[in-house]
Amino acid sequence: MTPPASASRPAAADRHGYHHGDLRRALLAAAVEAIEESGATAVSLRDLARRAGVSHAAPAHHFGDKAGLLTAVAVEGFDLFADALNATWERTGDFAEVGVAYVRFGLTHRGHFEVMFQPALCRTDSADLAAARARAAESLRTGAALLAAGADGGNQQTATLAAWSLVHGFTALQLSGTLPLPADADPESVARQVTRFLVR
């Protein structure tokens, strides 16, 4: 007796040959690509399925809806972000260089960065998102504590806000094309000069 067509395929793979984890990874990669091209608000699950070459139902199966998809993008972004900041801390022990790593991440992971700091696009009750965001924030708090220790009053909260505002503002302005830099300027080198100004 010939088994039904559905039984002849591995349960963990879809009709295009993706396995469950691979498909989720492919959908996230396609989402980041779409965000970089057209912005987060223009992303649709249907377009995502087309980009990944899967059925229209596949993105909904993995993420539920657009908010679920963008939440997953933000979680992935914050995890990558935390890894980048922590690696810089371990390698240099220099808060100014952590600030440069912040800028570098934003400029090289534009799709993630656009979603990470727009909570209205995501599921705000996501425990995964809260955990990933907290892990990334810890690197900034650690550096801000050192910064505050050398400042009058030692106000860590103010130091954290100052450092975050500086590097985030620099990144956002550069991404929007409104940072007044010469055409041949290296944004990372300029960011290093700016962060050195903060910590000196």
Test item: [X] and [Y] side chains (from C-beta on) under 4.5 Å apart, heavy atoms:
X      : Y      : value
Pro187 : Leu179 : no
Val167 : Val98  : no
Tyr102 : Leu140 : yes
Phe63  : Arg24  : yes
Gln174 : Val103 : no
Arg50  : His56  : no
Leu27  : Val54  : yes
Leu129 : Cys122 : yes

Item to check | SB check Arg104 Glu188 (cutoff 4.0 Å) | outcome: yes
Checklist entry - Would you call Arg141 and Glu138 a salt bridge, taking side-chain N to carboxylate O under 4.0 Å as the test? => result yes
Drop me the distance from [X]'s [atom1] to [Y]'s [atom2], to the nearest 0.5 angstrom.
X      : Y      : atom1 : atom2 : answer
Leu175 : Glu114 : CG    : CD    : 9.0 Å
Leu121 : Met116 : CG    : CE    : 13.0 Å
Lys66  : Thr41  : NZ    : OG1   : 6.0 Å
Phe81  : Asn86  : CZ    : CG    : 10.0 Å
Thr108 : Leu80  : OG1   : CG    : 9.5 Å

Check [X] against [Y] and note the closest heavy-atom contact, atom names and distance.
X      : Y      : value
Pro59  : Ser55  : CD-O, 3.5 Å
Ala185 : Val190 : CB-CG2, 4.4 Å
Ala101 : Ala84  : CB-O, 4.4 Å
Ala74  : Val115 : CB-CG1, 4.0 Å
Leu48  : Ala31  : CD1-N, 3.2 Å
Ala34  : Val43  : CB-CG2, 4.1 Å

Checklist entry - If two hydrophobic side chains count as joined below 4.5 Å and joins carry through other members, does Phe95 share a cluster with Leu166? => result yes
Item to check | Common cluster, Phe170/Leu161, ILVMFWY with side-chain heavy-atom separation under 4.5 Å | outcome: no
Item to check | Exceeds 12 heavy-atom contacts within 6.0 angstrom, atom CZ of Arg46 | outcome: no
Checklist entry - Within a reach of under 6.0 Å around CH2 of Trp89, are more than 12 heavy atoms found that belong to other residues, nucleotides or ligands? => result yes
Next on the checklist: The test is side-chain contact (heavy atoms from CB on, under 4.5 Å); show your working for Val100 and Arg196 and say whether it passes.
Outcome noted: CA-CA 10 Å; Val100 175; Arg196 290 288 173 202; over 6 Å; no
Checklist entry - Quick one: does Ser38's side chain have a donor or acceptor within less than 3.5 Å of a partner on Ile35's backbone? => result no
Checklist entry - What side-chain hydrogen bond (donor to acceptor under 3.5 Å, both in side chains) pairs are there with at least one residue in residues 122-132, not counting sequence neighbours? => result Asp65-Arg123
Next on the checklist: One pair to check against side-chain contact (heavy atoms from CB on, under 4.5 Å): Leu28 and His112. What are the steps and the verdict?
Outcome noted: CA-CA 10 Å; Leu28 283 174; His112 290 101; over 6 Å; no
Checklist entry - Aromatic ring centroids of Phe113 and His109 under 6.0 Å? => result no
Next on the checklist: For His168 and Phe117, take the angle between the two ring planes, folded into 0 to 90°, and tell me which bin it lands in: parallel under 30, tilted 30 to 60, perpendicular over 60.
Outcome noted: perpendicular
